[in-house]
Number of protein chains: 2
Amino acid sequence: MTAIESLAACGVKASPQRVAVLDYLMEHHTHPNVDDIYAALHPDYPTLSRTTVYNTLRLLTESGVVQTLSIDERNAHYDADVTLHAHFICTACRTIIDIPLREAALDAMAELPREMQVESTQLYFRGLCPACKCRAEHA
Amino acid sequence: MTAIESLAACGVKASPQRVAVLDYLMEHHTHPNVDDIYAALHPDYPTLSRTTVYNTLRLLTESGVVQTLSIDERNAHYDADVTLHAHFICTACRTIIDIPLREAALDAMAELPREMQVESTQLYFRGLCPACKCRAEHA
DNA sequence: AACAAGTTTGTAACGATTACAATCACTCGC
DNA sequence: GCGAGTGATTGTAATCGTTACAAACTTGTT
């Protein structure tokens, strides 16, 4: 599914800026923040405004096309993969890594009262990534 | 375990301000933010500074006595219960609710690479709480 | 071409958090 | 007891991510 198709599918008008932002997210699974995206797109879209990036990401999140990660207390990160998976953030290098999840286990794990309407689920791990763990052990 | 004992157990010097903050957290399972805590303690500790509340909560988090929740994009919330449980935040009224977890299921759920050193785990749900869901349905 | 509706832009404001320097409290050797 | 030194607290100022807002721009329609 292309960015344009995703936008159409959820009824969001496909401006060049929106396509560019979503395209970037779909091609880079690095969980970028707003500045990463802005810096990456600015060369190609010289008039692009940071505000537009913020607005677009909010819109895309509300539309369910991307998810906003609050794993990093410093700033929000974004992910165009909205299938069930967890995230690990390295507290040293700040890299965010995808963690696959066994789908069935989620229901088995949480005892959610029936009267609650869950709209999104986020599972975060914090710690040291392999590289930083290794570096720490040799220091 | 009292607040003073907890502080001693993890080697944090027990100043009146620190005891007050931790005491408050241990007695109120409302997942307060900094301003909630400050507002609650200020009458009894007129010289208390917001900065001290921030500093104390950071120290307590680093010591593992409390956990900092990043479930609310607006501000951090704090929880003196560091046993395994998830959190649900109502996107309408902003209330944070504890969700019990079946401990065994966590391992079954996440496929964490062996070389990663996980230091903390947070599971967040977002949606409508029973009261707000009901209100929404009747509107 | 004129208009309306919605989008983008840039700047200004906001608000949570942190930095910093001054003051304060407490302990320890005298 | 007393002053130095260490660490804690305080208040203000700065920082920085994000949002509000108003003006300029696009696009589709008559």
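For the numbers below, each heavy atom of this structure counts, side chains included, while hydrogens, waters and symmetry mates do not. Proteins get letters first, then strands, A, B, ... in listed order; numbering begins at 1 in each.
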task: Identify the 5'-most and 3'-most nucleotides of DNA chain C with at least one atom closer than 4.0 Å to a non-hydrogen atom of chain A.
output: C/dT7 to C/dT11
task: Return the set of residues passing side chain to side chain contact (heavy atoms under 4.5 Å, CB included) with B/T52 (not counting sequence neighbours), or none when no residue passes.
output: B/Q17, B/L48, B/S49, B/T56
field: Sequence-distant partners of A/H85, side chain to side chain contact (heavy atoms under 4.5 Å, CB included), two or more places apart
entry: A/Q67, A/D79, A/D81, A/T83, A/H87, A/D98
message: Please tell me if B/T52 has a side-chain N or O lying less than 4.0 Å from either OP1 or OP2 of D/dA8.
response: no
query: Are A/L112 and B/M109 grouped together when hydrophobic residues (ILVMFWY) are joined by side-chain heavy atoms under 4.5 angstrom apart?
result: yes
statement: DNA chain D in dot-bracket form (Watson-Crick or G-U pairs under 3.5 Å, [ ] crossing, | inter-strand) is ||||||||||||||||||||||||||||||
task: Look at the side-chain heavy atoms of Ile, Leu, Val, Met, Phe, Trp and Tyr, link any pair under 4.5 Å apart, and say whether B/I89 and B/I97 land in one connected group.
output: no
Which residues share a side chain to side chain contact (heavy atoms under 4.5 Å, CB included) with A/V19, sequence neighbours left out: A/A3, A/I4, A/L7, A/A14, A/D23
- prompt: Can you list every salt bridge (Lys or Arg N to Asp or Glu O under 4.0 Å) pair that touches residues 39-62 of chain B, not counting sequence neighbours?
  reply: B/D35-B/R50
query: A/A20: what forms a side chain to side chain contact (heavy atoms under 4.5 Å, CB included) with it, not counting sequence neighbours?
result: A/L41, A/Y45
message: Is any side-chain heavy atom of A/E73 closer than 4.5 Å to one of B/S70?
response: no
message: Taking ring-ring contact (aromatic ring centres under 6.0 Å, His included) as the definition, give me every residue that meets it alongside A/Y54, ordered by chain and number, with sequence neighbours left out.
response: none
- prompt: What residues, two or more places apart in sequence or in another chain, satisfy ring-ring contact (aromatic ring centres under 6.0 Å, His included) together with A/H77?
  reply: none
Protein-nucleotides 13-19 of chain D N/O pairs closer than 3.5 Å?
residue : atom : partner : partner atom : Å
D/dT18  : OP1  : A/A76   : N            : 2.8
D/dT18  : OP2  : A/Y54   : OH           : 3.0

statement: Quick note, side chain to side chain donor-acceptor pair (under 3.5 Å) partners involving residues 128-139 of chain A, not counting sequence neighbours, are none
Using a cutoff of under 3.5 Å, can you pull out all pairs of nitrogen or oxygen atoms linking the protein to nucleotides 26-30 of chain D, with atom names and distances?
none

query: When hydrophobic residues are tied together by side-chain contacts of less than 4.5 Å, even through go-betweens, does A/L123 share a cluster with A/Y78?
result: no
